[in-house]
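Report on one structure; see the data block that follows.
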Amino acid sequence: MEKQGKRRLRVVLVPLPFQGHINPMLQLGSILRSNGFSITVVHAQYSPPDPSSHPDFSFLSLPDTSSDFNVLTSDAFDFVLQLNAKCKARFRECLAADEATGADDGIACIIYDEFMFFSEETAKDLNLPSIILRTSSASNFLARTALIQLKTEGHIPFPESRSQDPVPKLYPLRFKDLPFSIFTNLENFLQMVSKTSNSKTSSAIIHNTINCLENSSLAKIQQQCQIPIFPIGPMHKIASASSSSLLEEDSSCLAWLHKQSCNSVIYVSLGTIAFMDVKEFVEMAWGLTNSQQSFLWVVRPGSVCGAEWIEVLPEGLKENIDERGYIVKWAPQKKVLAHNAVGGFLSHCGWNSTLESICEGVPMICKPCFGDQRVNARYVSHVWSVGLELESELERGEIERAVRRLIVDEEGKEMRKRGKNLKERIELCIKEGGSSNNSLNELIEMIMSF
Ligand code: UDP
């Protein structure tokens, strides 16, 4: 796409500074870049992306936007509101200064993470079109927006006795699966929900999902909104393979995987934000070891409350782990899931991890912790039927049984078959003429028409 001779159109991307949001935004950047657009990433100083992994993009850091957000003690609602206010104050002047450097490509539009809602107002002030990127599942978006109505009708907050009841109009979700955030109180969270569900002057919404996974949720969203929605996922499969990891990946685990037999390893990771206490960590270690299966375990430093890393494991247990297990601080997850030795994924069910697992046909043991992870876990286990959910507290016996069910039992083999089938259907969606490919072409046409 070289519109009018050699001139490129520039797209400005505004990610929310968390790994699970940065990844899909930069993947979208790569996709648009390979379709001829120039990409400028405007980011906060808190948790900045690494420009060296995307040499084709320009990066603009917004001054005075650092933060000391701590996942264990900070309120996410306050963090997001303050971040929006700080970024808004700097965004406009930063774009103007960049324009003044004489870049020969005009800004076609601003694409912003739904939680960076300040961008919509700035775009409107500058007379620029804007597009929203939603990085969680479509079903999660529906469940999240339904919270407002459920609150009005007196369904939430709900007593423990109702936690297993189905939520009206949200099959297959139960009350316990609703995507509350643990980081904030309900009133604040609902305010945030109403901010993210209003598209205001934005022209379109991009979803990192796939029609064949979420057809009916996507149709409902489209019915509710006046602007086009573009489900163009899974973006990590469409984008070129550069990594946007904020932490250093330990690739030694790939060499370890090469030595394991096909479908024999359970990969364990709880993503970038979830955490556990020492008791849960030790239960997990016993459960994995007692399963007698090989495991690759990502223990992110700081993810066990009160511990630096794995030093809190009892001595005897450490030796047992060494026999069958391999622990790293951070893994090249997409490569791990694509490795044929990996037969299952014990996951917190963040949306990126869920998509990455489904796209490789790897069945899951779901251990959701908060927010959208519960919705994703329910869909994995009860809609796509490619996983099982650990429902109660982390306990060694339950973990051991779940691992054996997935890696050893017939049940796991059946899930792997269904997973393979789903993987193939997703591959068709991203090929020419497939639903994601068509949506992407429509999105590109829209951006070029601005
Ligand atoms: N990830 C990774 N290495 C790891 C663990 C996670 O690269 O050892 C990546 C993973 O591939 C995914 C992202 O971190 O793209 C986590 O996003 P997700 O939405 O699954 O969860 P979150 O961290 O946002 O809760």
Side-chain angles (χ1 to χ4, degrees), residues 15-28 30 47 49-50 53 69 71-72 76 79-80 113-115 133-141 179 181-183 207-209 233-239 241-254 256-257 265-276 295-304 309-310 326-339 342 345-360 362 364-377 379-380 387:
L16 180 75
F18 289 107
Q19 184 80 73
H21 291 252
I22 291 172
N23 287 1
M25 185 61 92
L26 296 189
Q27 286 154 9
L28 176 63
S30 298
S47 206
D50 176 8
S53 43
F69 180 75
V71 82
L72 295 176
F79 170 77
V80 170
D113 187 290
E114 62 177 333
F115 290 100
L133 171 65
R134 291 192 185 137
T135 63
S136 64
S137 70
S139 309
N140 173 63
F141 177 77
S181 169
I182 54 157
F183 299 132
H207 274 274
N208 186 20
T209 190
M235 294 201 288
H236 73 280
K237 281 288 177 187
I238 305 169
S242 58
S243 164
S244 45
S245 190
L246 299 174
L247 298 170
E248 197 184 332
E249 295 170 343
D250 182 345
S251 293
S252 67
C253 59
L254 296 174
W256 180 82
L257 281 176
V265 174
I266 182 96
Y267 169 60
V268 185
S269 166
L270 300 185
T272 54
I273 305 177
F275 50 85
M276 51 174 93
F295 59 91
L296 168 59
W297 189 4
V298 176
V299 182
R300 197 183 77 245
S303 64
V304 181
W309 191 42
I310 59 172
Y326 198 82
I327 300 182
V328 292
K329 294 181 175 167
W330 196 245
Q333 179 164 301
K334 292 195 281 291
K335 288 184 188 154
V336 166
L337 287 167
H339 199 289
V342 174
F345 181 12
L346 196 168
S347 169
H348 71 309
C349 291
W351 184 236
N352 293 291
S353 295
T354 304
L355 276 182
E356 287 159 13
S357 200
I358 288 177
C359 286
E360 300 304 336
V362 174
M364 300 170 84
I365 297 172
C366 307
K367 182 58 201 162
C369 301
F370 44 75
D372 69 324
Q373 300 158 16
R374 300 183 182 132
V375 177
N376 302 336
Y379 272 74
V380 166

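Position 1 is the first residue of the sequence, and the numbers go up from there. Quick caveat, the model's predicted, so the values are computed rather than measured. First listed ligand is number 1; within each ligand, the first listed atom is number 1.
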Original post:
Side chain of Asn140, backbone of Val375: donor and acceptor closer than 3.5 Å?
Top reply: no
**OP:** Please check if the side chain of Asn352 supplies one atom and the backbone of Gly20 the other of a donor-acceptor pair under 3.5 Å.
**Re:** yes
Original post:
Any side-chain donor paired with an acceptor under 3.5 Å for Asn23 and Gln27?
Top reply: no
Original post:
Does an N or O from Ala331, backbone or side chain, lie closer than 3.5 Å to an N or O of ligand 1?
Top reply: yes
**OP:** Any atoms of ligand 1 less than 4.0 Å from a non-hydrogen atom of Gly350? List them with their elements.
**Re:** 18 (P), 19 (O), 20 (O), 21 (O)
**OP:** Considering heavy atoms of the protein only, find what lies nearest to atom 11 (O) of ligand 1 and give residue, atom and distance to 0.1 Å.
**Re:** Glu356 OE1, 2.6 Å
Original post:
Please state which protein non-hydrogen atom is closest to atom 25 (O) of ligand 1 and give its distance, to 0.1 Å?
Top reply: His348 NE2, 2.9 Å
Original post:
Closest non-hydrogen protein atom to atom 20 (O) of ligand 1, residue and atom name please, with distance?
Top reply: Ser353 OG, 2.5 Å
Original post:
Who's the nearest protein heavy-atom neighbour of atom 13 (C) of ligand 1, and how far?
Top reply: Asn23 ND2, 3.7 Å
Original post:
Where do Glu360 and Lys237 land on the salt bridge (charged side-chain N to carboxylate O under 4.0 Å, His left out) test, with the steps shown first?
Top reply: CA-CA 10 Å; Glu360 300 304 336; Lys237 281 288 177 187; 2.7 Å; yes
I'd like a table of donor-acceptor pairs (distance under 3.5 Å, sequence neighbours excluded) in which one partner is a side-chain atom from residues 265-272, with atom names and distances.
from: Tyr267; atom 1: OH; to: Gln333; atom 2: OE1; distance (Å): 2.9
from: Ser269; atom 1: OG; to: Gly271; atom 2: N; distance (Å): 3.2

**OP:** Check whether any side-chain N or O of Trp309 sits under 3.5 Å from a backbone N or O of Val299 as a donor-acceptor pair, and report yes or no.
**Re:** yes
Original post:
Who's the nearest protein heavy-atom neighbour of atom 2 (C) of ligand 1, and how far?
Top reply: Trp330 CZ2, 3.3 Å
Subject >> For His21, ring pair (Phe, Tyr, Trp, His ring centres under 6.0 Å) partners two or more places apart >> reply: Phe115
**OP:** Considering only non-hydrogen protein atoms, determine which one is nearest to atom 24 (O) of ligand 1 and report residue, atom name and distance to 0.1 Å.
**Re:** Gly20 CA, 3.5 Å
Original post:
Are any side-chain N or O atoms of Ser357 and backbone N or O atoms of Thr354, one a donor and one an acceptor, separated by less than 3.5 Å?
Top reply: no
Subject >> Non-hydrogen atom of Phe370 closer than 4.0 Å to ligand 1 >> reply: no
Subject >> Atom indices of ligand 1 within 4.0 angstrom of Trp351 heavy atoms, with elements >> reply: 19 (O)
Subject >> Heavy-atom side-chain contact between Ile273 and Phe370 under 4.5 Å >> reply: yes
**OP:** Using a 4.0 Å heavy-atom cut-off, say whether Asn352 meets ligand 1 through its side chain, its backbone, both or neither.
**Re:** both
**OP:** State, yes or no, whether a side-chain contact exists between Cys253 and Pro332 at a heavy-atom distance under 4.5 Å.
**Re:** yes
**OP:** Give a yes or no answer on whether the side chain of Arg300 reaches the backbone of Val328 with a donor-acceptor pair at less than 3.5 Å.
**Re:** no
Subject >> Nitrogen or oxygen atoms of Thr272 and ligand 1 under 3.5 Å apart >> reply: yes
Subject >> Element-labelled atoms of ligand 1 that are located less than 4.0 Å from some non-hydrogen atom of Gly271 >> reply: 23 (O)
Subject >> Polar contact flag for Gln19 and ligand 1 (N/O pairs, less than 3.5 Å) >> reply: no
Original post:
Touching ligand 1 at all, Ser269? Heavy atoms, strictly under 4.0 Å?
Top reply: yes
Original post:
What atoms of ligand 1 come closer than 4.0 angstrom to any heavy atom of Tyr267?
Top reply: 4 (C), 8 (O)
**OP:** Can you sort out which atoms of ligand 1 are near Gln333, meaning under 4.0 Å from one of its heavy atoms?
**Re:** 1 (N), 2 (C), 3 (N), 4 (C), 5 (C), 6 (C), 7 (O), 10 (C), 11 (O)
